[in-house]
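One structure is given below, encoded as structure tokens.
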Amino acid sequence: MRSWTLFFSAIFASVTAVSSLVIPFCLFLSFYQGDLFVAASERTAYRGIEVMLYLTPFLILIAFISYWFIFRFLNAPKKLFEIQRFFKVIRLFALFWFFLIFLFQFLDGRMGEIAESVLFGIISLSIFSIPLLIGIWSGNYMYLNTQKMIKISLKSKLNKQPYHPL
């Protein structure tokens, strides 16, 4: 029963998190470049919206896998807003994020520019923490509602009296 609840929670969390990242970014590009559809259909260097719309299914898939791991390995949520759960996830995400930054800097041979990369890493981590938080909250919401519906259906099945015509 918990596996299906985790599955639907991860789907709901990934769709809301990616939507909360893609929609404002595309709107920003639309205001910055002019018309949304003209900018997406032109064959110029201003194809950011088109690229974001192409990447959205891949982002949803990657977000689904990551939220499934998050919800699978953390304890089941007890309430909608769990700040400690968010801090656990952001701490693990930050460790992974800065490991990738240091790895790429090391492989590129630019360890002298590490302070600049750490600054951009902190800025990008703060930007990506907002969709991460929205995804965790929406996943908790879906998990708690699904558990409540399962409890109600089980309670109604147990409380049904067998039909006796006599």
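We number each residue from 1, following the sequence as shown. Because the structure is a prediction, the values reported are computed rather than measured. Only heavy atoms go into these numbers, but all of them, side chains included; no hydrogens, no water, no symmetry mates.
From Leu133, atom CG reaches atom CZ of Phe128 across 15.0 Å, with rounding to the nearest 0.5 Å. Here the CG atom belonging to Asn145 is positioned 11.0 Å from the OG1 atom belonging to Thr5, to the nearest 0.5 angstrom. Atom CD1 of Ile90 and atom CG of Leu95 lie 10.5 Å apart (nearest 0.5 Å).
Open room surrounds OH on Tyr141; 12 or fewer heavy atoms of other groups in view lie less than 6.0 Å from it.
Looking only at distances, a side-chain donor or acceptor of Ser9 sits under 3.5 Å from a matching main-chain atom of Tyr143. Ser129 places a side-chain N or O within 3.5 Å of a backbone atom of Ser126 that can act as its donor or acceptor partner.
Checked against the 6.0 Å centroid threshold, Trp137 and Phe81 count as a close aromatic pair. Between Tyr67 and Phe7, the distance from one ring center to the other does not fall under 6.0 angstrom.
Nearest heavy-atom pair, Gly135 versus Ala17, reported as atom, atom and distance to 0.1 Å: CA-CB, 4.0 Å. Scanning all heavy atoms of the two residues, the minimum distance from Ser138 to Ala13 falls at OG-CA, 3.4 Å.
If you chain together hydrophobic residues whose side chains sit under 4.5 Å apart, Leu6 and Leu61 fall into the same group.
Side-chain atoms of Arg85 and Phe71, non-hydrogen and from C-beta on, do get closer than 4.5 Å to each other.
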*Can you list the steps and then say if Val15 with Phe64 is a side chain to side chain contact (heavy atoms under 4.5 Å, CB included)?*
CA-CA 8 Å; Val15 168; Phe64 167 73; over 6 Å; no

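Residue pairs meeting the side chain to side chain donor-acceptor pair (under 3.5 Å) criterion with at least one partner in residues 90-107, sequence neighbours excluded, are Trp97-Ser124, Gln105-Ser117.
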